[in-house]
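These notes are about the structure you will find just below.
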Amino acid sequence: MSRLAAAAERWLAPEAPAERLAAVRILVGGFATVYLTSRLPHILSYLSFPSRHFQPVGVIAAFDAPPPGALVVVVTGLALLATLGFALGWRFRLTGPIAGVSLLWILSYANSWGQIFHTENGLVLFVLVIGLTRAADATSLDARRRAPPAAPAPHARYGWPLRLLCLVVVATYFLAGIAKLRWGGPGWFGGTVLRDTIAADSLRKVLLGSSHSPIAEALLGQVWLFRALAVLTLVVELGAPIALLHRRAALAWVLAVIAFHLGVLVLMAIMFPFPLSGIAFAPFFRAERVTAWAAARFKKFRARRSPAGSEAP
Amino acid sequence: MNRRAGCYNRRVSASERVVAWAVSAVVLAALLWPLSWGPEHDSFPLSSYPMFAHNRTSAVLSAIYAVATDGDGERRYVPPDLVANREVLQARAVLDRAARGGKKGAMLLCREVAGRIAGQSDGPLSGAVAVSIIRGRHDAGVYFDTGALGKETVLARCAVERR
């Protein structure tokens, strides 16, 4: 192998502790389970949609007509159980891929009615990638079942999925920035495109009987503000690759992205729950510290509640 | 390069290496594929993220929306859950598609919305007697300054028939 290829492989597949990938699995799987549960009314609402509104996308494009309601209900139930198993690391060789495929299927179905919710792209890609890896080698029910229960040593097999997830995040924001340059043109830098987009979006919400941001309405006259926000948006999106350089650079970029999403929430009343939760950025950091902290708190809580624990010398 | 880094991936088996490269290559290629798409094309979960990327030259908005009218002629915008579901963007997609279906499409949706309103015994639309599907062209800047709307065209109008 040439030195260049070896260096590329070292970067793409660095050694990482099994607990780090496991922590990302727990966070992403837990988020997917909660998100899917909260979106059940939304997903199942499409069962009563007239078929004339069906515009299949992604894996659902294989269907000429809406899939049968019973199939939708079964796959939704399967996705819920599989994402829970995914989070717990239970029979992960099975639940991992099933969670990825079923989540992809059911969210593609919910996006097949003329409106694509870009808030869900990252979550699906994360579950698909993690489901194909050895993310349950530690901190999982599978690991507890195995003997001996010694934690596996750090290995590249736990590092490459994390690096790939970082690349997925970076590529997503970078593509959004490229789209603004390609189709928005230089007008995007002037701020008027962003201001007019937000104004039109707010009016659309009024006309559609929904709530819009009163803050955006109050700020529409401040063109300088929208100019600054437009430049910051492009800097954050096109500057995404900086997060791959160093953990501190990643932290700075992630804070900027979360601020950007908070801005979108405040000005456009559009919520991106996966990035706003911070879980989308877990692969950039030592995520195992979060699960270790949570486990320690849980142990403490159990010890306090258990009478045997309180009587122990 | 330190010693550890030099033998970094020696313990990675050939099969694991193939899986890692294959999955990484497929995922990254799939993510970059939308770069070849035009601004009108989108998909899921792969996307070129065309929303908000268009070169909007003004705050003028062309939109399709549903308006309920009560016995006194007072107008109320019909909320998303009576058009489609709770998602405002889904309601927009349903209205746009109905309008693309011409008068027939707009009337079909108008009757569906009127039926849902008729099923409501209370709430802000309980006094509605008619529903209109409207195509409007409004300047958002003017609206938020003065409250004035622009030009409206009624695509379909139907009665709310309560039993």
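Atoms considered below: every heavy atom in the structure, side chains included; atoms not considered: hydrogens, waters and symmetry mates. A note on names: the letters A, B, ... follow the listed sequences, proteins ahead of strands, and every chain is numbered from 1.
- Nearest heavy atom pair, residue B:A130 against residue B:V160, reads N-CG2, 3.7 Å.
- For A:F117 and A:H42, the distance between ring centers is under 6.0 angstrom.
- Among A:L208, A:L207, A:T197, the residue making the largest number of heavy-atom pairs under 4.5 Å with chain B is A:L207.
- B:V27 is listed as a side-chain neighbour of B:L31, based on a closest heavy-atom distance under 4.5 Å.
- Within the 4.5 Å cutoff, side-chain heavy atoms of A:Y35 are placed close to those of A:E120.
- Both the backbone and the side chain of A:W113 come within contact range of chain B, with heavy atoms under 4.5 Å apart.
- Using modelled atom types and a 3.5 Å distance limit, the side chains of A:Y158 and A:E15 yield no donor-acceptor pair.
- Heavy-atom pairs under 4.5 Å with chain B peak, among A:I116, A:L181, A:V124, at A:I116.
- Here the straight-line distance linking atom CG of A:L219 with atom CG of A:L225 works out to 5.5 Å at 0.5 Å rounding.
- With A:R93 contributing its side chain and A:P97 its backbone, the two residues share no donor-acceptor pair below 3.5 Å.
- Looking at A:E9 and A:W160, their side chains never bring a donor and an acceptor atom within 3.5 Å of each other.
- The closest side-chain donor-acceptor pair between A:H155 and A:D137, if any, does not fall under 3.5 angstrom.
- Between the A:S51 side chain and the A:P66 main chain, no donor and acceptor come within less than 3.5 Å of each other.
- B:H138 and B:Y65 have tilted rings, their planes meeting at an angle from 30° to 60° on a 0 to 90° scale.
- Counting heavy atoms of neighbouring residues, nucleotides and ligands inside a 6.0 Å radius, atom CZ of B:R137 does not exceed 12 of them.
- With a 4.5 Å cut-off on side-chain heavy atoms, A:Y173 and A:P275 count as touching.
- Taking A:R163, A:K205, A:K180 one by one and counting their heavy-atom pairs under 4.5 Å with chain B, the maximum is reached by A:K180.
- Note: B:L28 leads B:D81, B:L28, B:L32 in heavy-atom pairs under 4.5 Å with chain A.
- Of the two parts of B:V78, only the backbone, made up of N, CA, C and O, holds a non-hydrogen atom closer than 4.5 Å to a non-hydrogen atom of chain A.
- Of the inter-residue distances, the one linking A:R204 atom CZ with B:I64 atom CD1 reads 9.5 Å to the nearest 0.5 angstrom.
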Would A:D196 and A:F226 count as a side chain to side chain contact (heavy atoms under 4.5 Å, CB included) if you check the C-alpha gap in whole Å, the side-chain angles of each, and the deciding distance to 0.1 Å? CA-CA 9 Å; A:D196 292 346; A:F226 290 96; over 6 Å; no
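- Chain A forms more heavy-atom pairs under 4.5 Å with one residue of B:G38, B:P124, B:G105 than with any other, namely B:G38.
- For a residue to count as touching a neighbouring chain, one of its non-hydrogen atoms must lie under 4.5 Å from one of that chain's; by this rule A:F174 does not touch chain B.
- Looking only at distances, a side-chain donor or acceptor of B:R162 sits under 3.5 Å from a matching main-chain atom of B:S126.
- Between the side chain of B:S132 and the main chain of B:I134, no donor-acceptor pair closer than 3.5 Å is present.
- Residues of residues 84-102 of chain B lying under 4.5 angstrom from chain A, judged on non-hydrogen atoms, are B:A84, B:N85, B:E87, B:V88, B:L89, B:Q90, B:R92, B:A93, B:V94, B:L95, B:R97, B:R100 in numerical order.
- At a heavy-atom separation below 4.5 angstrom, chain A is approached by B:L108, B:L109, B:E112 within residues 108-116 of chain B.
- For A:S202, the parts sitting under 4.5 Å from any heavy atom of chain B are the backbone and the side chain alike.
- Under a cut-off of 6.0 angstrom, the local environment of CZ in A:F189 is sparse, with at most 12 non-hydrogen atoms contributed by other residues, nucleotides or ligands.
- Interface remark: of the candidates A:L123, A:L125, A:L164, A:L164 forms the most heavy-atom pairs closer than 4.5 Å to chain B.
- Only the side chain of A:A171 comes within contact range of chain B, with at least one heavy atom under 4.5 Å from a heavy atom of that chain.
- Between atom OG of residue A:S213 and atom CE of residue A:M268 there is a gap of 10.0 Å, rounded to the nearest 0.5 Å.
- Against chain A, the residues from residues 139-153 of chain B that qualify, each with a non-hydrogen atom under 4.5 angstrom away, are B:D139, B:A140, B:Y143, B:F144, B:L149 in number order.
- By number of non-hydrogen pairs under 4.5 angstrom with chain B, the leading residue of A:L107, A:L104, A:I178, A:I60 is A:L107.
- At a cut-off of 3.5 Å, with distance as the only test, no side-chain donor of A:N121 or B:S47 sits close to an acceptor on the other residue.
- Contacts with chain B (heavy atom to heavy atom, under 4.5 Å) involve these residues of residues 126-134 of chain A, listed by number: A:V129, A:L132, A:R134.
- Between B:R157 and B:V131, the closest side-chain pair of non-hydrogen atoms is not below 4.5 Å.
- Neither the backbone nor the side chain of A:P41 comes within less than 4.5 Å of any heavy atom of chain B.
- Using a 4.5 Å cut-off between heavy atoms, A:S48 makes no contact with chain B at all.
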